[in-house]
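Below is one structure; the comments refer to it alone.
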Amino acid sequence: MTAPIVEILPDKAALVQHALQRVLNVIHRAIAEHGFCTLALAGGSTPQPLYQGLAEKKLPWEKLYIFWGDERYVPVHHPSSNAGMAKQAWLDRVPIPAAQIFITPTDEGDPHQSAQQYEKTLRSVFGPLQGLSPDEVPQFDLILLGMGDDGHTASLFPYTDTLAVRDRLVTVGSKDREPRITFTVSLINRSRSVMFLAAGANKQTALQQVFSPDGDDQAYPSRLVHPIGELYWLLDAEAVGNLELPTAARL
Ligand code: 6PG
């Protein structure tokens, strides 16, 4: 478990631009190292301009494999859909082969069934790509994450059973009694790189708790993210406030 790389940008626009460079570096490195890049996208609002920035870039799109770290249990054309947001901002604007974009199934009518289906899809893609045995945990090149004001990430919400799921890749969370499909901590922590993007003063309290040596993992689930690879926290100054982050770089 390596120490997180914490980078503080003056504002959200600078954060997005810096994140774009960091994501491009990871994509190019992955393709150089093993010929493809597996990426799991975050939902919410923060990453949308990042996805718009990626749509303007020239990349070997046929080498990208796209998943989602979590999804609301709505159709892709629903305004709350994380996949719908990323398609509109980025994926519908670049020639990534449709067969390499794995939208979370949300049309089975049963979130548990959908979670199992997505897990099967993950294994069917990563097995051949990484030569995994059936019980090995897939390893993403990059998982993008946001953090809610309450310290949740993906759809791993405080004090929920989802936090303890370690024997699966995908599980079912819920927010305001609405089901969510989410990667588990086990899958996230297997990743070669995990990148949090957090902006805005409303993140300050959760950030203080996440970086506190004696914070509560159940109360602030983002604390559970410790990938075997790199962990980036890309923050804007508003999210940090007067929090002391001794190892952080102000860029
Ligand atoms: C979702 C996200 C969620 C999000 C955080 C931060 O489906 O909403 O996956 O985990 O990343 O809530 O959201 P913002 O970027 O809008 O602050």
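For ligands, and for the atoms within them, numbers begin at 1 and follow the listed sequence. Given the structure is predicted, the values throughout are model-derived calculations rather than measurements. Numbers for residues simply follow the sequence, beginning at 1.
- The protein heavy-atom contact nearest to atom 15 (O) of ligand 1 is T46 OG1, 2.6 Å.
- Legend: side chain to side chain donor-acceptor pair (under 3.5 Å) pairs involving residues 164-190, not counting sequence neighbours, sorted by first then second residue: S155-R180.
- The single protein non-hydrogen atom nearest to atom 17 (O) of ligand 1 is K203 NZ, 2.7 Å, given as residue, atom name and distance.
- Both the backbone and the side chain of S45 come within 4.0 Å of ligand 1, counting heavy atoms alone.
- Only the backbone of M147 comes within contact range of ligand 1, with a heavy atom under 4.0 Å; no side-chain atom does.
- For the pair H152 and ligand 1, the shortest N or O to N or O distance falls below 3.5 Å.
- Of all atoms in ligand 1, numbered sequentially from 1 with element shown, those under 4.0 Å from a heavy atom of G44 are 1 (C), 2 (C), 8 (O), 13 (O), 16 (O).
- With ligand atoms numbered from 1 in the order given, ligand 1 contributes 11 (O) to contacts under 4.0 Å with heavy atoms of G146.
- Evaluated by nearest non-hydrogen atom to atom 1 (C) of ligand 1, the leading choice among E71, R72, Q48 is R72.
- Taking a 4.0 Å cut-off on heavy atoms, K175 fails to register as neighbouring ligand 1.
- Interface of D70 with ligand 1, defined as ligand atoms under 4.0 Å from a residue heavy atom, comprises 1 (C), 2 (C), 7 (O), 9 (O).
- Ligand 1 has no nitrogen or oxygen under 3.5 angstrom from a nitrogen or oxygen of S155.
- Note that the OG atom of S124 and the CG atom of L132 stand 11.5 Å from one another [nearest 0.5 Å].
- Q100 places a side-chain N or O within donor-acceptor distance of the main-chain N or O of E62, the cut-off being under 3.5 Å.
- Checked by atom type and distance alone, the side chain of R192 never pairs as donor or acceptor with a backbone atom of Q139 at under 3.5 Å.
- For F140 and F183, the ring centers sit closer than 6.0 Å to each other.
- For E238 and K203, the salt-bridge test fails: no basic side-chain N is under 4.0 Å from an acidic carboxylate O.
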Derivation of the side-chain hydrogen bond (donor to acceptor under 3.5 Å, both in side chains) call for R22 and S193: CA-CA 11 Å; R22 281 277 184 215; S193 290; over 6 Å; no
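- For the ligand labelled ligand 1, residue A154 lies inside the 4.0 Å heavy-atom shell.
- Contact check on D236 versus K12 returns no salt bridge, with no Lys/Arg side-chain nitrogen under 4.0 Å from an Asp/Glu carboxylate oxygen.
- Atom numbering of ligand 1 starts at 1 in the shown order; those under 4.0 Å from a heavy atom of N82 are 1 (C), 7 (O).
- A distance of 11.5 Å separates CG in D70 from CD1 in I143, rounded to the nearest 0.5 Å.
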